[in-house]
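Some notes on the structure that comes next.
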Amino acid sequence: MKLIYKPFAIVIGLIAGLLANKAFERVWGAFTDEDPSDPDDRDATWTEVLVSAAVGGAILKVVQALVRRSGALAFERATGVWPGDDIET
């Protein structure tokens, strides 16, 4: 079953990344009209860089958890097997 789940998990991961990026853009845009600070930008302060990284990281992890958990539930409903279970087939 793990071989069957692997491609499904890859697609779920890609979807999570896209959704997280959109969520970050919306959240960041709600607080400021400026783009998030780039660590390579010489004019960005440490605070600006670290705040944008922390917000982006938190949003990414929350969205990944939501999407991956939903994907695992959908897989279980479709197959009757939780993707993390050790079942030999």
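Quick caveat: nothing in here was measured; it's all calculated off a predicted structure. All residue numbers in this chain count up from 1 along the given sequence.
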To the nearest 0.5 Å, what is the distance between CZ (Arg69) and CD (Gln64)? 15.0 Å
Using side-chain contact (heavy atoms from CB on, under 4.5 Å) as the criterion, list what pairs up with Asp41, not counting sequence neighbours. Asp38, Asp43, Ala44
Linking Ile, Leu, Val, Met, Phe, Trp and Tyr through side-chain heavy atoms less than 4.5 Å apart, which residues share a cluster with Val62? Leu66
Can you pull the ring pair (Phe, Tyr, Trp, His ring centres under 6.0 Å) pairs that have at least one residue in residues 40-76, sequence neighbours excluded? Tyr5-Phe75, Phe8-Phe75
Quick one: side chains of residues 50-60, donor-acceptor pairs under 3.5 Å with protein atoms, not counting sequence neighbours, listed by atom name and distance.
residue: Ser52; atom: OG; partner: Ser37; partner atom: O; Å: 3.2
residue: Ser52; atom: OG; partner: Glu48; partner atom: O; Å: 3.2
residue: Ser52; atom: OG; partner: Val49; partner atom: O; Å: 3.0

Could you give the side-chain donor-acceptor pairs of residues 12-32 under 3.5 Å, partners two or more places apart or in another chain?
residue: Trp28; atom: NE1; partner: Glu34; partner atom: O; Å: 3.0
residue: Thr32; atom: OG1; partner: Glu34; partner atom: N; Å: 3.1

Under a single-linkage definition using a 4.5 Å side-chain heavy-atom cutoff for Ile, Leu, Val, Met, Phe, Trp and Tyr, are Ile4 and Val11 assigned to the same hydrophobic cluster? yes
